**Student:** 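Can you read through this structure? Questions will come right after.
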Amino acid sequence: MEMAELGATPKGGVNRPALTPTDIEVHVRLAEWARAREFAVEIDAYGNQFMRRSGSESGAGAIASGSHSDTQPTGGRFDGISGVLSAVEALEVIDDAGIETRHPLEAIIWNNEEGTRFSPTNLGSAVYVGSVPIETMLAATDGDDVTMKEAVQNLRDAIPWAGVRELGAPMAAFIESHIEQGPELEAEELDIGVVTAIQGTRKLEVEIIGDEAHAGTTPERMRRDAFVDAVSVASALRELFHDPDDIMRFTIGRFEVSPGALAVVPGHVFFTIDIRHPDNATLARLGDQVEAVCTEAASRCEVRVVETRRADSTPFVGLVPEAVEAASRERGYAYKHMPSGAGHDARYVSEICPSGMVFVPCESGLSHNERENATADDLARGAQVVADTLLILDERL
Ligand SMILES: [Zn+2]
């Protein structure tokens, strides 16, 4: 609740874009909590912040946990920051209990996960693991022409005593706690979601090209109305992606009719397609049919389909999800295995070390919304699972 005051909105949500003064204040407070316990604090070139409790074995890689502190402009109090605080809490209770671990334990704030302030944008975790060139990302600017490089320097200036972390420095394992952002755990009265995968996604853009014409003088038989064909195409796509099991996610989020004048038959329609599914084969099979289905459904207009982004499903298997399940079981929490519908930092971290996620129920599945809510008890169980998972991994790794 203390963190929710930083960037608080009148409607009870949070507006805290990456590395703005309020977001930097989150980093400063957590750095100071860490320093009070003599945990090391480091910041890397992209503004990711690491708080480390040392381990007994020299050279052992860190077992880490964390998430992001930035929010959507009309975001909630829990998306991201609850995962960061679970990690900090886990390190603190392990410290209070005087438990010596072989590996260092780390709490991480990944920079810029929501990516709303800078353009071009990318997740701090993606930059850390090397999937995006750092120089391009540091040159990104916000609406006031502040570069990411300057914003990271502002963070450094606010915590001048922090050490420097090398991008891509190895980690032994990573666990991210996050609110579910969906309705399932609450509906099934479960405490914990053991995340099995982050589902894959394909983004496509469709153009329907017809001819502009006079709305009063052009007979229907002579029209090449882009809107009429676009409606048929959209219906055919809905049919293609209809899934009786309700696992496939299909969204047309943008739909633009041009020229957008009352008395002109539309000559052009542009729309976007966002499809997601945990199974890569399903995503490939159905995604590959989009162009043919669009062309078939359009009767008089030309259709162009371009794929703008494709990311395979990221499975979480092995040690980390096993440890999350063991921790949940031993605590007597009601849990189930489930894929994540949204993308998260753990997707990228899994490229450099065994990774996984734990989901905590959120009220009515509402997220990216100022009314986002989660109970203290549920969040505490999530943090407990993080703490237990860190210790189980310390034994098994
Ligand atoms: Zn998030």
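Everything quoted here is computed from the prediction, not taken from an experiment. Note that ligands are numbered from 1 as they come in the structure, with each ligand's atoms numbered from 1 the same way.
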**Student:** Please name the atom of Asp79, restricted to N, O or S, that is closest to the Zn ion (ligand 1).
**Tutor:** OD1
**Student:** Taking Ala107's backbone N and O only, do any of them form a donor-acceptor pair with Arg53's side chain (distance below 3.5 Å, no angle check)?
**Tutor:** no
**Student:** With the Zn ion (ligand 1) at the centre, find the angle made by NE2 from His178 and NE2 from His68, to 10°.
**Tutor:** 120°
**Student:** Taking N, O or S atoms only and a limit of 2.8 Å, check whether Glu113 reaches the Zn ion (ligand 1).
**Tutor:** no
**Student:** Can we say Asp96 and Arg37 salt-bridge, meaning some charged N sits less than 4.0 Å from an Asp/Glu carboxylate O?
**Tutor:** yes
**Student:** Taking side chain as C-beta onward, heavy atoms only, is Ile108 less than 4.5 Å from Phe174?
**Tutor:** yes
**Student:** Assign the ring pair Tyr128 / Phe50 to parallel, tilted or perpendicular, where the plane angle (0 to 90°) is split at 30° and 60°.
**Tutor:** tilted
